[in-house]
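Please read the structure below before turning to the comments.
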Amino acid sequence: MRVFSGIQPSGDLHIGNYLGAVKQWVNAQSSDALYCVVDLHALTLQIDPATLRTQTDDLVAMLIAAGLDPATCTLFVQSHVPYHAQLSWLLECVATYGELTRMTQFKEKAERQDGYRVGLLTYPVLMAADILLYQTEQVPVGDDQRQHLELARDVAERFNNRYGAVFTVPVGVQPPAAARVMDLQEPTRKMSKSVASPLGTIYVLDSADDIARKIKKAVTDTDGEVRFDWEHKPGLANLLELYSGFSGESPSAIAARYHRYGDLKGDLVDLVVTELTPIAERYRELRSDDVALRQLANEGSEKAEAVARQTYRRAAEAMGLQ
Ligand code: ATP
Ligand code: LTN
């Protein structure tokens, strides 16, 4: 089963990224899985060049620390493989302006700034290129990427109908719990790398003390009943989803075992700290050797490029390029 997914080096990894995406990637890794640090996507918003460079190395190290094994799967950096940008252009001539302007994430991000970049609009086409270059069957992503994935499927089908069967049509896969982790302080907004919310976001590299403080201060409600109910008790539902993401038990089964918010929060702190502490330790080791890290990423890029080249050539020829 060919698996592909990507993540932007746009800030520190939080537990939403970890549970929604990275943990699924680790479980799905095989010689047929490719995972990509999508640095080209990070250019759609303002980012300092030196920061982008550092965050790309940070994220490669973080993904290995979280359990991706570069000897098993292919881990690489998007801009190292030129076919992503090249196929993206071809697909921009298949996707329509109307479908891109309808993307929720584009509308939200464009609203927050003046003079937003064209790349913010065309970003889902680049994402489609990422996926389609590898004849991907499954794309493990969080819930917020569903609409972008649907676009990738539409573009693949339209291309195949118009120019001949070149692309596999991919499907998105979400984890059973924690596919959309919400901000701990504002449980109606998703936890996000690029929105600063110091108490609302738990980072994978947070200290045990910070994790405890953030979970203890997480917003709940005043009725005091432990029950899994997103509509009426979003803060508590979010904590139950997190608990489920870390333990594998279902949110309702977890809720049934607790009577007090404080007890639930205390056990959640232990679960999170136990899983994240060894990741942070491995991360620090890996990050202390830049040369070895870059070497691993370069090897991944070579493997990816060999696959991407073939699909790109087929797509270009099908469209009439010589
Ligand atoms: P940004 O705020 O810069 O958009 P992000 O935190 O949304 O960043 P991405 O790099 O866009 O992170 O996403 C990487 C992966 O993490 C994607 O598969 C995405 O669906 C998933 N993801 C992001 N935020 C969450 C969340 N709050 N809950 C679950 N999954 C998430
Ligand atoms: N748009 C995604 C990141 C991303 C991605 C991909 C995910 C870029 N290319 C290909 C899956 C497959 C996001 O999380 N913001």
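Note that ligands are numbered from 1 as they come in the structure, with each ligand's atoms numbered from 1 the same way.
Looking only at heavy atoms of the protein, atom 14 (C) of ligand 1 is closest to I7 CG1, 3.5 Å. When hydrogens are left out, the protein atom nearest atom 11 (O) of ligand 1 is Q8 NE2, 3.5 Å; that is the closest non-hydrogen contact. Among protein heavy atoms, the minimum distance from atom 20 (O) of ligand 1 is reached at D144 OD1, 2.4 Å. For atom 24 (N) of ligand 1, the closest non-hydrogen atom on the protein side is K190 NZ, 3.3 Å. Scanning the protein for heavy atoms near atom 1 (P) of ligand 1, the closest one is S194 OG, 3.3 Å. At the shortest separation from atom 13 (O) of ligand 1 among protein heavy atoms lies N17 ND2, 3.8 Å.
Each of V307, T168, D32 was scored for a side chain to side chain contact (heavy atoms under 4.5 Å, CB included) with Y134, with one residue passing: V307.
A salt bridge is defined here as a Lys NZ or Arg NE, NH1 or NH2 lying under 4.0 Å from an Asp or Glu carboxylate O, and E275 with K23 meets this definition. Comment: R287 engages D58 in a salt bridge, judged by a side-chain N to carboxylate O separation of less than 4.0 angstrom. At a threshold of 4.0 Å, the pair E108-K190 does not count as salt-bridged, since none of the basic side-chain nitrogens sits closer than that to a carboxylate oxygen. Between D206 and K214, at least one side-chain nitrogen of the basic residue sits less than 4.0 Å from a carboxylate oxygen of the acidic one, meeting the salt-bridge criterion. A salt bridge is defined here as a Lys NZ or Arg NE, NH1 or NH2 lying under 4.0 Å from an Asp or Glu carboxylate O, and D144 with R180 fails to meet this definition. Checked for salt-bridge contact, E225 and K233 miss the test: no charged N lies under 4.0 Å from a carboxylate O. Under a 4.0 Å N-O distance rule, the pair R189/E186 qualifies as a salt bridge.
Using a 4.0 Å cut-off to heavy atoms of Q145, the atoms of ligand 1 that qualify are 20 (O). Remark: ligand 1 atoms within the under-4.0 Å shell around heavy atoms of G142 are 18 (O), 19 (C), 20 (O), 30 (N). Which parts of ligand 1 touch G20 is read off a 4.0 Å heavy-atom cut-off, strictly below it: atoms 29 (C), 30 (N). Interface atoms of ligand 1 facing A178, defined by a heavy-atom separation under 4.0 Å, are 29 (C). Near R180, with a cut-off below 4.0 Å to any heavy atom, the atoms of ligand 1 are 28 (N), 29 (C).
Between F76 and H84, the ring planes are tilted. Angles from 30° to 60° get that label. Between F159 and Y163, the ring planes lie tilted relative to each other; the angle falls in the 30° to 60° range.
You'll find the side chain of T44 stays beyond 4.5 Å of the side chain of R117, heavy atoms only. Within the 4.5 Å cutoff, no side-chain heavy atoms of L242 are placed close to those of V272.
Nearest-residue assignment for atom 15 (C) of ligand 1 (options P9, P175, P140, A21; heavy-atom criterion): A21. Closest heavy-atom approach to atom 2 (O) of ligand 1 among the candidates G16, G245, G6, S192: S192.
Sorted by chain then number, the residues whose non-hydrogen atoms approach ligand 2 to under 4.0 Å are F4, S5, G6, Q8, V38, H41, Y123, M127, D130, I131, V139, V141, Q145.
For CD of Q310, the number of neighbouring non-hydrogen atoms (other residues, nucleotides, ligands) closer than 6.0 Å is 12 at most. Counting heavy-atom neighbours within 6.0 Å of R260 CZ, excluding the residue itself, gives a total of 12 or less.
Of the polar atoms of V181, at least one N or O is found under 3.5 Å from an N or O of ligand 1, judged by distance alone. Considering backbone and side-chain atoms together, V141 places no N or O closer than 3.5 Å to any N or O of ligand 1. Looking at ligand 1, you won't find any N or O of Q105 less than 3.5 Å from one of its N or O atoms.
Distances shorter than 4.0 angstrom do not occur between any heavy atom of G11 and any atom of ligand 1. Using a 4.0 Å heavy-atom cutoff, H14 is listed among the residues neighbouring ligand 1.
Contact annotation for K109 and ligand 1: only side-chain heavy atoms (C-beta onward) come within less than 4.0 Å of the ligand. Counting heavy atoms under 4.0 Å from ligand 1, residue K193 touches it through both backbone and side chain. Proximity of A179 to ligand 1, defined as any heavy-atom pair under 4.0 Å, is confined to the backbone N, CA, C and O atoms.
Panel note: side chain S244, backbone E249; a donor-acceptor pair is recorded below 3.5 Å.
A ring-centre distance under 6.0 Å is found for F106 and Y116.
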